[in-house]
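Below is one structure, written out as structure tokens; comments come after it.
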Amino acid sequence: AALRPLSSAYLYLYMLFQCFMLFALLNVVTGFFCEHAIEMAQQDRESVIAEQLRDKETYTDLFRALFEEIDKDKSGGINIAELE
């Protein structure tokens, strides 16, 4: 109602301004959520890598113990006789 005395060009210009500002606000909000999601994905990736490294160390220790048990003469190698 306050814009009625002005020409319709100003009304359309004001509506265009309002649409632009709404678009800008939504763009900022979307950017915030996307940035947060990317950070969470990066943290998740780092935790998966750390877990895989822990698993690798565990399996390495298990295989080392198994081969030490098979190596009866403690030569540091396994021969056919020790496998039988």
Side-chain angles (χ1 to χ4, degrees):
L3 295 176
R4 279 201 207 276
L6 300 175
S7 76
S8 61
Y10 288 113
L11 178 63
Y12 292 126
L13 187 63
Y14 181 71
M15 287 173 40
L16 181 67
F17 171 74
Q18 288 292 326
C19 290
F20 178 76
M21 292 305 293
L22 179 63
F23 178 73
L25 177 68
L26 290 175
N27 194 17
V28 169
V29 171
T30 302
F32 173 75
F33 283 115
C34 288
E35 182 179 346
H36 183 68
I38 290 169
E39 287 175 6
M40 295 302 292
Q42 181 66 26
Q43 289 175 358
D44 186 47
R45 182 173 183 256
E46 290 172 359
S47 67
V48 167
I49 291 171
E51 183 179 345
Q52 288 177 344
L53 288 174
R54 281 193 305 271
D55 289 346
K56 179 183 174 184
E57 291 173 8
T58 301
Y59 289 127
T60 302
D61 292 341
L62 288 172
F63 277 112
R64 184 172 288 120
L66 175 67
F67 286 121
E68 286 174 356
E69 184 179 323
I70 293 172
D71 184 20
K72 299 203 186 312
D73 63 358
K74 306 296 183 209
S75 65
I78 300 173
N79 56 32
I80 297 292
E82 290 173 328
L83 287 176
E84 293 176 349

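Residue indices begin at 1 and follow the sequence shown.
For residues 15-24, every residue pair satisfying the side chain to side chain donor-acceptor pair (under 3.5 Å) rule, not counting sequence neighbours, is listed here: Tyr14-Gln18. Note on residues 62-77: pairs passing salt bridge (charged side-chain N to carboxylate O under 4.0 Å, His left out), not counting sequence neighbours, are Asp61-Arg64. Pairs of residues two or more places apart, or lying in two chains, never qualify as salt bridge (charged side-chain N to carboxylate O under 4.0 Å, His left out) while including a residue from residues 34-56.
Shown here are the side chain to side chain contact (heavy atoms under 4.5 Å, CB included) partners of Leu66, two or more places apart in sequence or in another chain: Phe63, Ile70. Qualifying side chain to side chain contact (heavy atoms under 4.5 Å, CB included) partners for Leu62, counting only residues two or more places apart in sequence or in other chains: Thr58, Tyr59. Residues passing the side chain to side chain contact (heavy atoms under 4.5 Å, CB included) test with Met21, sequence neighbours excluded: Phe17.
Under the 4.5 Å side-chain heavy-atom criterion for Ile, Leu, Val, Met, Phe, Trp and Tyr, Phe23 and Leu26 are members of distinct hydrophobic clusters.
Note that the SG atom of Cys19 and the CE atom of Met15 stand 6.5 Å from one another [nearest 0.5 Å].
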